[in-house]
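By convention here, the first residue in the shown sequence is residue 1.
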Amino acid sequence: MAQPERSERKLRPAPLLFEPSEAAADPEHFFDLESIEDPRELLARSTELTLAFRAATDRAVEFQALAAAQLADPRRFDRLTPAEIAQRAEWTEDYAKKMIEFGRELGRGGSQQ
């Protein structure tokens, strides 16, 4: 029996909680991890945070790629060259070219992996 087609969904890690400004100002304070005494709980919460940061990084890179592709679009009167995009994003020009292509694939609905 064939399985019904399911849309692939990315796992969503635990949300990042924003810290109060006074806690964020303390360099020793990091999402209240320093106050967790049980190593099992500390491992679980720090793993949740690691996964959340990785997911946030992946999404941010996708948005960078989409923006780079839009800025390099030849139909734009104010389009930027890969060198100009690289300078703005603090990338190498080769990396900017790869990100522009990745962004174009994303824009076309291409696979993300």
Side-chain angles (χ1 to χ4, degrees):
M1 174 178 0
Q3 287 186 318
E5 206 172 300
R6 288 186 272 170
S7 62
E8 288 187 31
R9 290 176 25 193
K10 289 185 179 181
L11 294 176
R12 298 256 181 215
L16 297 177
L17 303 176
F18 291 97
E19 298 183 287
S21 58
E22 60 273 2
D26 179 4
E28 296 300 315
H29 187 85
F30 187 72
F31 289 89
D32 210 27
L33 292 179
E34 69 285 343
S35 69
I36 300 174
E37 294 184 18
D38 178 8
R40 288 176 187 87
E41 186 182 342
L42 179 59
L43 179 62
R45 181 60 182 144
S46 60
T47 300
E48 287 176 346
L49 285 169
T50 299
L51 295 173
F53 284 125
R54 285 180 188 159
T57 298
D58 290 346
R59 287 295 292 154
V61 168
E62 289 175 355
F63 280 106
Q64 282 183 310
L66 287 168
Q70 291 171 359
L71 289 169
D73 188 338
R75 296 172 297 192
R76 289 178 63 106
F77 77 92
D78 60 346
R79 72 181 166 272
L80 298 178
T81 67
E84 291 168 321
I85 293 169
Q87 182 180 15
R88 286 177 183 230
E90 298 181 12
W91 297 332
T92 65
E93 188 172 347
D94 286 340
Y95 187 73
K97 289 175 183 176
K98 290 177 184 177
M99 288 294 279
I100 291 165
E101 185 53 40
F102 179 47
R104 288 177 178 153
E105 288 176 22
L106 290 173
R108 289 191 295 264
S111 72
Q112 295 182 26
Q113 298 220 6

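Put simply, CE on Met99 and CG on Leu66 are 9.0 Å apart, with the number rounded to the nearest 0.5 Å. Phe102 contributes atom CZ, which lies 7.5 Å from atom CD of Glu105 (distance to the nearest 0.5 angstrom). The distance from the CZ atom of Arg79 to the CD1 atom of Ile85 is 11.0 Å, given to the nearest 0.5 Å. Interatomic distance, CG of Leu42 versus OG1 of Thr47, reported as 8.5 Å (0.5 Å rounding). Rounded to the nearest 0.5 Å, atoms CZ (Arg104) and CG (Leu106) are 12.5 Å apart.
Here the side chains of Asp32 and Glu34 are in contact, with some heavy-atom distance below 4.5 Å. Residues Val61 and Gln64 form a side-chain contact, since some pair of their non-hydrogen atoms from C-beta on lies under 4.5 Å apart. Residues Arg88 and Leu80 meet the side-chain proximity criterion, which asks for heavy atoms closer than 4.5 Å.
When all heavy atoms of Ala68 and Trp91 are compared, the pair lying nearest together is CB-CZ3, 4.2 Å. Residues Ala86 and Thr92 approach most closely at CB-O, 3.5 Å, considering heavy atoms.
Summarising the local packing, CD of Gln87 is surrounded by 12 or fewer heavy atoms from other residues, nucleotides or ligands at distances under 6.0 Å.
For the side chain to side chain donor-acceptor pair (under 3.5 Å) criterion with Asp73, the lone passing option out of Arg75, Arg76, Gln70 is Arg75.
No single ILVMFWY cluster, assembled from side-chain heavy atoms under 4.5 Å apart, contains both Leu43 and Ile36.
Between Glu101 and Arg108, at least one side-chain nitrogen of the basic residue sits less than 4.0 Å from a carboxylate oxygen of the acidic one, meeting the salt-bridge criterion.
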